[in-house]
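Protein chains get the first letters and strands the later ones, always in sequence-line order, with residue 1 at the start of each. Everything numeric in this text was worked out from a predicted model, so none of it was measured. Any value given below was found using the heavy atoms of this structure, including those in side chains, with hydrogens, waters and symmetry copies removed.
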Amino acid sequence: MERHRLLSELKKSGPGKVGVVLFALLITVSIYVVFTYPPDFGPIRWSNPAVWADNPKAAPPAWIHLFSDTRPAEHQVFETTSPVHAPSGETHDLEYVFQIPFTHQADEPPTFLSFALARAVYHLRPPVVTVLLERPDGEEFTLYREILRGPRPGESPPYQRHFTEPLRVLLSAERRAVEAVAGFLKGLEDPVPPQEQWQRNLTAALFGSPASPEAFGVLSGDYNLVVRVMVNDPADSVEKVRAVVGGSVFGALGTDILGRDLAEGLLFGLPVALLIGLTASLINTLVGTSLGLVSGYLGGVADVIIQRAADIVSNIPLLPLLIFMVFILGPNLWIIILILVAFSWPGLTIMVRTMVLQLRSGSEVEAAQALGASRTRIIFRHIFPHTAPFVFAQLVFFTPSAILAEAGLSFLGLGDPSIPTWGQILEHGFRTGAVFLGYWWWVIPPGLLIVLTAITFMFLALGMEPVVNPRLRRARSWRLWR
Amino acid sequence: MAFMEIKDLHLYYETTRGPLRAVEGFSLSFQEEGKTLGIIGESGSGKTSLSLAIMRSIPGNVSTYQGSILFEGRDLMRLSAAEFRKDIRWKKISMVFQGAMNSFNPVIQVGRQVVERLLSGDGISPRKAGREAESLLETVGLSRDVAYRYPHELSGGMKQRAPIAMALYLKPRLIVLDEPTSALDVSIQAQIMNLLKQLKWNLGISMILITHDIALASDICDYIAVIHGAKLMEYGPAENILINPQGPYTQKLLASIPRLHGDTRPQFLSGAPCDLVSPPPGCRFQSRCPSVFEPCREKEPPWLEVAPAHWTGCWLYAK
Amino acid sequence: MNSENVLVKGESLKVYFFVRRGFFRSTAVKAVDGISFQLRRGETIALVGESGSGKTTLGRATLGLIKPVEGTVCFEGEDISTFMDHRIKEFRRKAQPIFQDPYSSINPYMTVFQLVEEPLIIHKRGDRKEREKLVIQTLEQVKLIPAAEFATKYPHTLSGGQRQRVCIGRAIVLEPEYIVADEPVSMIDASSRAEILYLLRELQERRNLSFLYITHDLASARHFSDRIAVMYLGTQVETGPSREVIEHPLHPYTRRLLQAVPEPDPRNRFHLRPVIPGDPPSAMDVPQGCPFQPRCPESLVDECTMIRPPLNEISKGHHVACYLQGKLPES
Amino acid sequence: MVRGITMVLVLIAVQFLLVISLGITGLSDRMLEAVIGEELRALRPSLAETIRDPDELEYALRVRREELQTSYGLDRPWYHRLPEMVSRVFTLDLGEAHTLRSFTGSNRVADIVLERLPNTMLLLTTSLIFTAGIGIAVGVRLASKVGSLSDRIVSYFSAVSYAMPAWWVGILFILLFSFRFPIFPSGGMYGTPPPPAGLFRFLDLLHHAFLPIITLVLASAGPYIYVVRTMTLDVAQADHVTVARAKGLTEKVVSRRHILRVAAPPIVTGLVLGLAGSLGGSILVETVFNWQGMGRLYYEAVVGTPDEMVIVALTFMFTLIYVIARMILEVLYVILDPRVRYQ
């Protein structure tokens with residue numbers, strides 16, 4: 001009876017409806033994440049700096065330009081494997097030329113310019129790599145010129161370079177680029193900004209021309225990044241060239257200080273949060289309910305022991321102990337869940353026991369006993385169904401507590417490092433000073449997601465309240481800290 | 001002038017299916033002061049709602065509350081809430097609620113609660129209040145020290161007497177008693193009824209006794225009103241109703257009481273009172289009535305005086 | 001008395017509960033304190049008394065739901081406390097309770113069909129088909145007609161009387177021989193009480209059932225039982241044929257109890273009803289001698305305060321436990 | 001009686017849980033070894049100046065190490081050493097910290113903890129008082145108009161407030177009120193340099209305490225309002241309230257004497273249980289606002305350079321605060337509910 005009421009009540013109440021819709025949404029997104037993300041997302045992607053090297057650091061989300069008049073520099077990544085020119089076999093034409101044309105249309109210069117080169121092979125002498133920037137005003141800057149590393153002792157040809165780790169160069173910080181700019185400025189007649197000023201912000205000079213003695217104006221238009229690789233042997237090769245024009249904004253939710261795409265990490269956090277919440281809640285419910293049933297129905301010594309234990313555990317201030325235990329036992333997701341359960345079962349146990357005691361002396365159970373029903377039958381058919389709606393509501397109610405608890409632990413740096421969670425993202429942001437630097441995109445979305453997830457369950461619980469309330473409100477689960 | 005006259009009283013509750021008609025078009029005049037009127041009805045007939053309507057103690061989910069209650073020439077329903085509180089509530093009309101054990105605040109001493117009305121506001125000294133509470137409790141047959149006990153320390157019978165003491169506090173002219181003895185053993189029930197009789201005789205207090213037990217009503221009531229399905233079915237002097245009932249419902253109700261003496265077996269009324277959210281047209285008793293005929297199903301029965309001061313609402317007596 | 005015909009027999013039954021008082025002490029609540037009775041096949045005994053007189057406890061003891069501290073309950077001549085595993089199950093099939101509150105004694109999560117079927121499942125009766133047939137038959141017997149329609153309903157959609165019929169159906173589906181009906185109609189509207197009682201009587205006649213009818217309603221006891229046993233504070237003070245006990249009560253307690261019952265008579269209102277003074281005492285401290293003696297309105301003889309009066313047969317089948325027999329005026 | 005025993009058991013159980021986990025995992029030994037290593041490293045240069053012979057130097061260091069091991073009790077297994085520590089803690093002899101120091105430089109744990117205690121209590125008690133005030137005032141008002149717009153709004157607010165991690169709210173406040181609109185300081189307890197003692201210093205403290213307190217209140221008031229509302233509602237529907245109204249008592253008397261007075265015990269319980277939440281929350285909030293309280297200290301003692309003496313002492317203090325609150329609750333219960341008195 002009450003099972004049906006539970007559902008119909010959920011559909012009727014406002015919070016219940018909102019809860020159901022949100023829950024469906026969370027589940028759908030989680031399923032998407034589970035199927036599209038690699039299972040070891042944490043170690044191989046999130047915590048691997050190489051993956052994020054090309055991204056702008058601490059960039060706000062791309063959509064903020066909707067709220068400002070200036071057009072931000074777009075983040076552009078180019079990669080090519082086909083040179084416009086390759087060695088033809090004649091001895092004086094031993095050169096690979098890669099061209100990366102791009103357009104810069106913004107009210108500010110790019111935040112950086114970088115290039116990368118991967119999988120080079122040579123046979124005699126190491127190739128020479130030169131990088132040039134052709135600007136829309138026809139100027140040409142040589143940004144970089146280096147020779148790849150020569151043969152190591154004991155190495156024999158063909159020599160392979162940058163196969164595992166590409167050669168990565170931050171062009172906008174290169175000495176040669178500074179020289180190129182200085183040369184360019186010297187040729188101008190108008191007064192130009194002093195070197196101390198533009199050297200700190202080289203991209204402004206690379207992507208602009210002096211607009212006044214103080215500052216550079218942005219030079220919009222088509223640029224071309226040319227990468228020349230001089231080789232000594234026609235059999236030498238270069239496979240891949242990559243260029244990144246660093247933007248000032250990135251993606252849907254921006255990046256963190258390491259250039260990680262926050263949207264990606266936050267999305268991964270959703271199934272993790274649901275996993276933590278639901279698993280902890282499920283185990284907690286299972287443990288709490290069974291102990292309550294045992295304690296209430298069997299009575300005697302078992303009852304006394306369980307009740308004393310519940311009394312003690314429920315009076316322990318949770319968070320200090322939780323921090324301590326996680327610190328001792330190590331930050332592992334499952335350990336965190338188990339510790340959470342270890343300190344949270346008494347609420348449910350006490351509630352279930354009280355109900356069982358009432359039911360046990362009631363006439364329904366007595367009638368079943370008089371029929372000769374077995375103990376198992378009485379517990380599962382005549383006692384458990386009465387407690388089920390309350391147990392279920394507790395299940396829903398405990399879930400956000402567990403999510404919040406994990407987030408709190410993660411925020412203290414006690415999260416499982418192999419699995420990125422919202423709490424950990426927040427912790428990283430807080431620890432690296434995101435708050436004090438005003439990196440709001442790093443701090444607000446993870447918190448909002450925690451709230452959204454927790455509130456989904458709160459609304460579900462609120463929707464069930466009319467059915468469950470009289471007894472639920474005596475349960476003490478809300479004492480869980482936040 | 002009648003002592004109390006209720007005219008066309010309605011009380012509907014709001015439900016998800018529509019209004020639940022707990023009291024519908026209830027009219028009766030309670031002629032003499034110092035007498036007792038019994039209101040008899042099965043569970044779900046609206047008798048408790050009627051008592052709440054008379055006391056103007058209506059709960060929040062009431063959708064319709066109208067009609068008039070003339071008491072000492074004043075229409076109680078037209079009085080403002082403040083006037084009603086100042087002049088009528090507990091001063092002229094008091095009440096003993098159903099479920100006496102819950103009538104008392106568990107954390108305040110019984111005596112304080114008995115004389116609480118004046119303690120808060122109109123102001124009497126606590127000492128005087130204490131003495132008054134003691135003597136009131138004595139009036140209802142409780143010892144003086146009960147005044148200083150908490151409700152959970154009283155036995156069932158004592159708990160039943162204390163609300164009566166509370167109702168007597170301001171010497172009201174009318175006490176509404178809602179099932180004052182339900183869930184009590186016959187022996188305690190008889191004690192309480194004796195107490196009520198003594199109050200009636202000695203203090204001349206008028207009472208309205210609401211109960212499902214017509215035999216219990218015979219113990220004290222001078223007039224009896226029978227309600228069924230939120231409607232008044234029959235009303236008259238106790239002699240007429242108990243000995244010579246006219247409406248089929250009253251007849252059946254009386255026949256369903258097992259008699260202690262004599263071998264007449266009790267009869268029974270099968271079926272349940274009609275649904276008060278969507279009642280059938282015509283008489284509310286039609287589905288259970290043994291002598292139902294055409295008009296009962298079509299139109300509401302007329303209210304007829306079948307004997308002096310004895311009224312019944314039944315098509316059987318329509319000419 | 002033909003002993004072959006006796007179905008249930010209690011011999012000097014005593015049921016005590018122990019209640020913690022303070023930290024170490026505990027007091028015995030003497031709910032049933034030395035009661036013997038015999039219930040024949042096809043007979044109904046009404047157990048009458050105020051609340052706290054121990055009548056419910058006695059009923060539960062005869063079903064083996066509570067263990068007496070002393071005395072035995074025999075069912076078909078055998079002590080039920082000696083029943084082991086399968087024997088106890090057989091006994092459970094034959095002896096069934098019906099409880100006062102039809103709202104709390106059935107599982108609200110089960111349909112009427114499941115409720116009535118459950119005893120059959122517990123006792124592994126028949127296959128699905130046979131059980132279905134039996135359940136429908138039973139529902140028809142308890143007048144839940146049309147049975148097929150009622151079978152699919154949940155209890156909360158039924159009225160009090162209908163629920164009580166479901167309880168009765170649950171109790172009789174196993175074809176028991178002995179039923180303890182504990183105030184089966186006190187939660188039902190007065191106007192439909194008789195209907196349930198007639199139903200029980202009909203089932204009794206058809207199946208030769210024996211009833212222990214526990215009630216505080218003396219009038220219904222008169223009409224629906226063969227014998228009445230009046231209980232006071234865990235003891236039997238009077239027992240005899242129903243009519244006899246009602247018309248010629250011997251014990252002062254029975255007399256006062258009967259006088260307290262109102263009959264719908266308009267003359268009632270002109271006089272006070274004789275009442276038993278005071279509250280019923282608690283079973284925690286039962287007075288010495290006759291348990292009724294502190295409230296007894298009759299003049300006391302010395303024995304009353306010293307030794308508990310034995311149950312004496314005054315006329316055929318009419319027993320009373322009182323020293324004042326012959327000294328009391330005829331009622 | 002039973003409650004009192006339970007509370008003492010709680011204290012003991014927590015300590016033993018702590019000690020056993022410290023011992024079994026070998027963490028205690030490791031921490032002490034690290035401390036000794038640290039001391040020896042500091043000792044080496046000064047010793048090297050007086051003792052030239054390397055062998056002799058090593059020997060001297062070894063002797064010193066053994067001395068230290070004995071003084072820290074490392075020569076005995078943890079199950080001898082740690083219970084002693086616990087028993088000392090129970091007599092409030094908190095011992096000496098290995099690495100942490102108090103602001104005044106003392107290494108006595110009692111000094112370290114006690115100078116933090118008032119800071120934490122300032123946050124806890126102030127927020128508790130605000131929570132109680134807001135919760136009771138709003139909750140009771142709402143109970144009288146269930147289903148109204150304001151009731152629904154506050155119900156949603158409660159749910160949201162329960163779902164919001166307090167520390168995150170703290171971060172938002174910093175972002176908003178310290179960074180975007182610099183009204184309040186982002187952390188710490190006093191400005192730099194701290195104003196001279198007296199009124200200004202106190203005002204400075206209030207200025208710094210404002211955000212942490214608001215954070216704690218915001219997190220706990222929402223759920224508490226809901227608890228008060230439900231408890232009050234529960235009582236408001238009781239029969240004795242109908243009777244009180246029927247008696248003609250004014251609505252003020254009814255709600256004060258017949259509703260609030262009866263609902264008081266569970267409402268107080270809710271508050272004390274909420275304290276358990278705030279106690280935990282204070283660790284996080286103190287961390288966010290760099291508030292020099294016990295919570296922040298606990299965080300430092302666990303996450304920074306682990307210091308078992310401080311961990312044990314602080315856990316004891318946290319439990320003690322909670323247990324004292326529970327004891328007060330028991331006493332209040334006896335005062336508030338006559339039914340308990342006579343049980």
Any luck finding a side-chain donor-acceptor pair between Thr269(D) and Tyr333(D) under 3.5 Å? yes
Counting only heavy atoms closer than 4.5 Å, note whether Ile403(A) contacts chain D via side chain, backbone, both or neither. neither
Taking Gly438(A), Ala454(A), Pro400(A) one by one, which has the highest count of heavy-atom pairs under 4.5 Å against chain D? Gly438(A)
Given a strict heavy-atom distance threshold of 4.5 Å, which part of Leu426(A) is in contact with chain D: side chain, backbone, both, or neither? side chain
Using heavy-atom distances under 4.5 Å, tell me whether Phe436(A) contacts chain D through its side chain, its backbone, both, or neither. both
In sequence, state the C-alpha distance, the side-chain angles, and the governing distance for Tyr298(D) and Phe324(A), and then conclude on side-chain contact (heavy atoms from CB on, under 4.5 Å). CA-CA 9 Å; Tyr298(D) 192 81; Phe324(A) 181 73; 3.3 Å; yes
Is it the backbone or the side chain of Thr315(D) that comes under 4.5 Å from a heavy atom of chain A, or both, or neither? side chain
Heavy-atom count check: over 12 atoms from other residues, nucleotides or ligands less than 6.0 Å from Arg431(A) CZ? yes
Closer than 3.5 angstrom, by distance alone: can the side chain of Ser178(D) be matched with the main-chain N or O of Leu175(D) as a donor-acceptor pair? no
Once rounded to the nearest 0.5 Å, what's the spacing between atom OG of Ser158(D) and atom CG of Leu142(D)? 8.0 Å
Between Tyr162(D) and Phe397(A) (judged by ring centroids, cut-off 6.0 Å), do the two rings come close enough to count as a pair? yes
For chain A, the option from Val323(D), Val169(D), Ile283(D), Leu172(D) that forms the most heavy-atom pairs under 4.5 Å: Ile283(D)
Please determine, among Leu412(A), Val443(A), Leu414(A), Val435(A), the option with the most heavy-atom pairs under 4.5 Å with chain D. Leu412(A)
